[in-house]
Protein chains: 2
Amino acid sequence: MLSESSLAQAFTARGYKLTRPRRAVLKVVAQAGAGLSPAQIHARAKKFHPHTGLVTVYRTLDLLAECGAVRRVHGEDGCHSYAPASAGHAHHVICGQCHAVVEFEECDLAELLKTVQRRTGYKIQEHWLELFGLCPNCR
Amino acid sequence: MLSESSLAQAFTARGYKLTRPRRAVLKVVAQAGAGLSPAQIHARAKKFHPHTGLVTVYRTLDLLAECGAVRRVHGEDGCHSYAPASAGHAHHVICGQCHAVVEFEECDLAELLKTVQRRTGYKIQEHWLELFGLCPNCR
DNA sequence: GGGCTAATTGAAAACAGTTTTCAGTGTGAT
DNA sequence: ATCACACTGAAAACTGTTTTCAATTAGCCC
Ligand SMILES: [Mn+2]
Ligand SMILES: [Mn+2]
Ligand SMILES: [Zn+2]
Ligand SMILES: [Zn+2]
C-alpha cells in the first residue's frame, strides 16, 4: 500500500513543488485500491481540493509514472487507467468485476523466456504480464 | 502466417460480404509482419483499393478481432496497433526497433498462476502477456 | 512575517483518434 | 438481370489528451 507521505517525499526529493491540487491527486492515488482513469481521479481529487483541474491530474499522473509510483493498466478496451505501483518490478492482478487491483512480484518467467528466445530468435528485453480474475470479495 | 484466403473464408462463413475495401484490408493484415495502426492499415489498403475509407478499416478490424484474426498489441504509449493472430491462445513478441511481431504459443504459467492465486486470493481467469525485445534482423 | 521568482495552475482552444450518421452504392442471392 | 439489404465513405460528432497562456502560488531569501 502506498502512503501519501511517501509519495509527497518522492515529489519534493525531485524538486517538484507540493501544491494543493497535487496533494489531492496523491491522496486519491494513495487510497486507490483499483485502477482509475484520469477522469475518475479528477472526480475524487475535487473532494479534497475542489478547484483541481483535469489538466493537472494528467500532469501529476505523468510525474507519478516517472517516479514509478503508478503504472498504466491494460483493460479489454485499452489502457486508460492507472494503478498504484510499489517500487521495483511487479505486475497486477485485476478483478474483472470491481476492478480492484493488487500487485505481485513473483514472476518466474525465466524458463518461458528462454524457450521463446530460442524459438523466435528474438532477444527478449522486457515483459509485460497482467492477470484478470475475481477478487476475494467478488467471487 | 495468415493467408488472405483463410481470412476471406472466415468472413463468408459468418455471412459477411466480401467487398473490395474489405479485401484490401484483409490483404494488408495477411501480409503484415508487424503491428499496424488503423491509419497505417488504411494507407496500405488504399494501394489495393484506392477508395478505401478509414471508417471501413475500423469496421473491418472489429470484424477481424471478432474472428480472432487480429489482436490489439500494447506499446509503451498505449495499445493502438493490431497484429495478425492465428487461431487459439497465443501471445506476441514485439521488436522494439522495427515493431516486427511474431506469435508464440507455449506459455506455461500454470505454476505462476497457482502461486499468485494462493497469495492474493484472486480466482484467476485470464492472462495477458507480451514480450519486447529485438528481432533477429535488428540485433 | 513580507517580498521574489520560477514553477505551477486551470480555462479555453487545439488536437488526435475513434464512432456515428446517412444518403448512396455494390454484393450475392434469386 | 433484378432486388433487398448489407455495406460504404464523407462529414459531423464525440472522447480523451495535449497545448497555450495569463494568472496564481509554493518555497526560498531576506
Ligand atoms: Mn515480471
Ligand atoms: Mn498464455
Ligand atoms: Zn472484485
Ligand atoms: Zn526488428
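For clarity, every value in this text was computed on a predicted model and none was experimentally measured. Lettering follows sequence order; numbering is per chain, from 1. The analysis underlying the following values was restricted to heavy atoms, covering all of them including side chains, and did not include hydrogens, waters or symmetry mates.
Atom pair B/I41:CD1 and C/dT18:C1' shows a separation of 14 Å (rounding to whole Å applied). Distance A/H42 NE2 to D/dT17 C1': 14 Å, rounded to the nearest Å. Between the NE2 atom of B/H80 and the C1' atom of D/dG16 there is a distance of 10 Å, given to the nearest Å. Going from atom CZ of B/R20 over to atom P of D/dT8 covers 12 Å, rounded to whole Å. Computed from coordinates, the B/H49 NE2 to D/dG9 C1' distance equals 10 Å when rounded to whole Å. Between the CZ atom of A/R23 and the C1' atom of C/dT8 there is a distance of 14 Å, rounded to whole Å. For the pair A/R14 CZ and C/dT8 P, the computed distance is 13 Å after rounding to whole Å. Atom pair A/L54:CG and D/dT17:P shows a separation of 8 Å (rounding to whole Å applied).
B/S37 comes within 4.0 angstrom of no nucleic acid atom, judged by non-hydrogen atoms across all strands. A/R22 comes within 4.0 angstrom of the backbone, heavy atoms only, and of no base.
Within the model, atoms NE2 of A/H42 and NZ of A/K47 stand 12.5 Å from one another, a figure rounded to the nearest 0.5 Å.
In this model, no donor atom of one side chain and acceptor atom of the other lie less than 3.5 Å apart for A/Q40 and A/Y82.
Here the two rings, on A/H127 and B/H91, have centers that are 6.0 Å apart or farther.
Contact of the A/R72 side chain with the A/S81 side chain is not registered, since no non-hydrogen atoms from C-beta on lie closer than 4.5 Å. Under the 4.5 Å side-chain criterion, counting only non-hydrogen atoms from C-beta, A/L134 is in contact with B/Q125.
Annotation: of the two residues near DNA chain C, B/L18 and A/T56, the 5′-most nearest-nucleotide partner is A/T56. With the nearest nucleotide of DNA chain C identified for both B/R72 and B/R59, B/R72 has the one nearer the 5' end.
Of the candidate nucleotides D/dG16, D/dG27, C/dG10, C/dG10 has the atom nearest to the side chain of A/P21. Considering only the side chain of A/K17, C/dA7 comes nearest among C/dG28, C/dG10, C/dA7. Between C/dT9, D/dG9, D/dC7, one nucleotide has an atom nearer to the side chain of B/T19 than all others, and that is D/dC7.
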